[in-house]
Amino acid sequence: MALWKLLLACLHQVDALDNGLGLLPQMGYNTWNDFECEGVSAKNISKVADKMVELGLPALGYEYLIIDDCWADHRGKDGKLVPDRNAFPHGMKHVADYVHSKGLKFGIYMDRGRWTCAGRPGSQGYEEVDAKTFVSWGADYVKTDSCNGPDSLEDPPSAAAIAQYQLFRDALNATGRPVFLALSGWHNWYSPYGESLANSWRIGYDVRNWQSAWNFAIRVNGFLSDFGGPGGWNDPDMLVGSSSKTAVQMTPQQSRTQFSLWSVMAAPLLLGSMLSMGHHDLETYTNTEVIAVDQDPLGIQGEIVWENCPLRKRTNIKQSQFYDEIPACQQVWARPITDGFAIVLLNLDAEKPANVSFAVSDVCWSSQAFVGKPCNFFEEASVRDLWRKEHLGIRKFINVTLARDGASQMFKIKPIIPQAPHTSAKKKTPASTATGHRPKSRHREPVSSHFSVALETDAVHFLQQPDEL
Ligand code: GAL
């Protein structure tokens, strides 16, 4: 038996993560897209906390302020991580206390390997010490990265990686403090294991621009909707604003599209710019109707319900395809939400604008795909444009012209269900049936059966399935 199979078999008897957190995708701010390693300091964290409050972001749900890589300097003689003294002269608890005093929650970054991706000390062999240290500082959220760990990430599923994630998860559980755990393993092969390991898990490499948003998120996440839901979410990476002062950026149009798509994908909404956020991005990130889609309590991740893009085999969705050209095509994404469906129409064509006409009844595809039950067929729906904030009346079709290079439009539709001729007046239809969708049954299989699936199929790649395209 191959060593990895043996290791997977040994992992059957583990407890799942059960911290009661992540019932909705996390929202907040993370330093990485803003600062990378330049300027991660107590001073800037205080400024970010102040700005978040000034902009009213916590009231909209942006509750976590997360310090990413480049805060740790070395390990002390007692084995504990020591923050960079110049950047954090009063230590990390002091910073966490300030963040808490602003009504925000405090998050910190670590890496399960020997070194972080930026070469700071990692947690391998110190999982318990680090979990206790973070909790002693008052951490509410931990992001655990995956650089320099013992695994073979391109040869999934990596038993070594999963075992290490479990080590830290268990160490954190053992502290007794509910701490949101966000994995950053950059691969989609561990989505099926995700909910037993953490409250969210990255599905691809870093989204740094529109090209990587296509490659590592949009191209991939439509295939992963089965795995995300209340308690644990597929994470297509953080939001990239359009400020030119941050380490990474998109055009204003693309970053707005990213926000709309991420909301339909039920993705974490982690802002990547704060001190230099411009008016356009602020307007994007404070659209309460789009946030409400992301935070919809049904917690059903959206999917592609129509596209004219080249067929992609699930088996081809591999991270090693780093620089797939963005195809010149269009997609429609849909997500069942409590009172209807959210829809994003997207033009990926970099050169030309596109007209897209979409029959509202086609969202039934999404209902079938996600909920596994037929949709109550409807032809018409009341349509609201979530960016123009306008009701468009009752429509059979949504016709739009989308600008080139990542433009999109987002709508919410409420189906008009035809009255059944013989419905008894006394018989009440449950609201969820009336709108044509039902809460997804989030049947959470024990971790052991996930592993046995991998073992039985000898999974070279977990997405390989005979019935796929
Ligand atoms: C990457 C990770 C980024 C950021 C960076 C820090 O591996 O995907 O989100 O955390 O490391 O070095």
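The first residue of the sequence shown is numbered 1, and numbering continues consecutively from there. Ligands are counted one by one from 1 in listed order, and the atoms in each one are counted from 1 as well. Heavy-atom basis, side chains included; hydrogens, waters and symmetry copies ignored.
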Item checked: Salt bridge flag under 4.0 Å for residues Arg112 and Asp145 -> no
Note to self: If the threshold is 4.0 Å, N to carboxylate O, is there a salt bridge linking Lys102 and Asp50?
What the structure shows: yes
Checklist line | Residue portion contacting ligand 1 (non-hydrogen atoms closer than 4.0 Å) for Glu36 | finding: neither
Note to self: Please list the nearest protein heavy atom to atom 4 (C) of ligand 1 with its residue and the distance rounded to 0.1 Å.
What the structure shows: Asp68 OD1, 3.3 Å
Check: Of all the atoms in ligand 1, which lie at a distance below 4.0 Å from a heavy atom belonging to Ser184?
Finding: 2 (C), 8 (O)
Check: With the threshold set at 4.0 Å, does a side-chain nitrogen-carboxylate oxygen contact exist between Asp140 and Arg177?
Finding: yes
Checklist line | Element-labelled atoms of ligand 1 that are located less than 4.0 Å from some non-hydrogen atom of Lys143 | finding: 3 (C), 4 (C), 9 (O), 10 (O)
Check: So, are Glu36 and Arg208 salt-bridged, with charged N and O less than 4.0 Å apart?
Finding: yes
Item checked: Ion pair Arg256/Glu283, N-O distance below 4.0 Å -> yes
Notebook entry, point to check: What atoms of ligand 1 come within less than 4.0 Å of a heavy atom belonging to Trp186?
Noted result: 1 (C), 2 (C), 7 (O), 8 (O)
Checklist line | Protein contact of atom 12 (O) of ligand 1 - nearest heavy atom, named by residue and atom, plus distance | finding: Asp69 OD2, 2.7 Å
Margin query: Counting C-beta onward and ignoring hydrogens, is there a side-chain heavy-atom pair between Asp84 and Arg120 closer than 4.5 Å?
Written below: yes
Notebook entry, point to check: Heavy-atom contact under 4.0 Å between Thr116 and ligand 1?
Noted result: no
Next item on the list: Give the numbers and elements of all ligand 1 atoms closer than 4.0 Å to a heavy atom of Arg202.
Entry: 2 (C), 8 (O), 9 (O)
Notebook entry, point to check: Does a salt bridge link Lys143 with Asp235, judged by any charged N lying under 4.0 Å from a carboxylate O?
Noted result: no
Check: Is the shortest distance from a heavy atom of Tyr205 to ligand 1 less than 4.0 Å?
Finding: no
Checklist line | atom 11 (O) of ligand 1: nearest protein contact (heavy atom, Å) | finding: Asp145 OD2, 2.7 Å
Next item on the list: Starting from atom 8 (O) of ligand 1, find the nearest protein heavy-atom neighbour and note its residue, name and distance.
Entry: Asp206 OD1, 2.5 Å
Next item on the list: Using a strict 4.0 Å threshold on nitrogen-to-oxygen distance, state whether Lys105 and Glu63 make a salt bridge.
Entry: yes
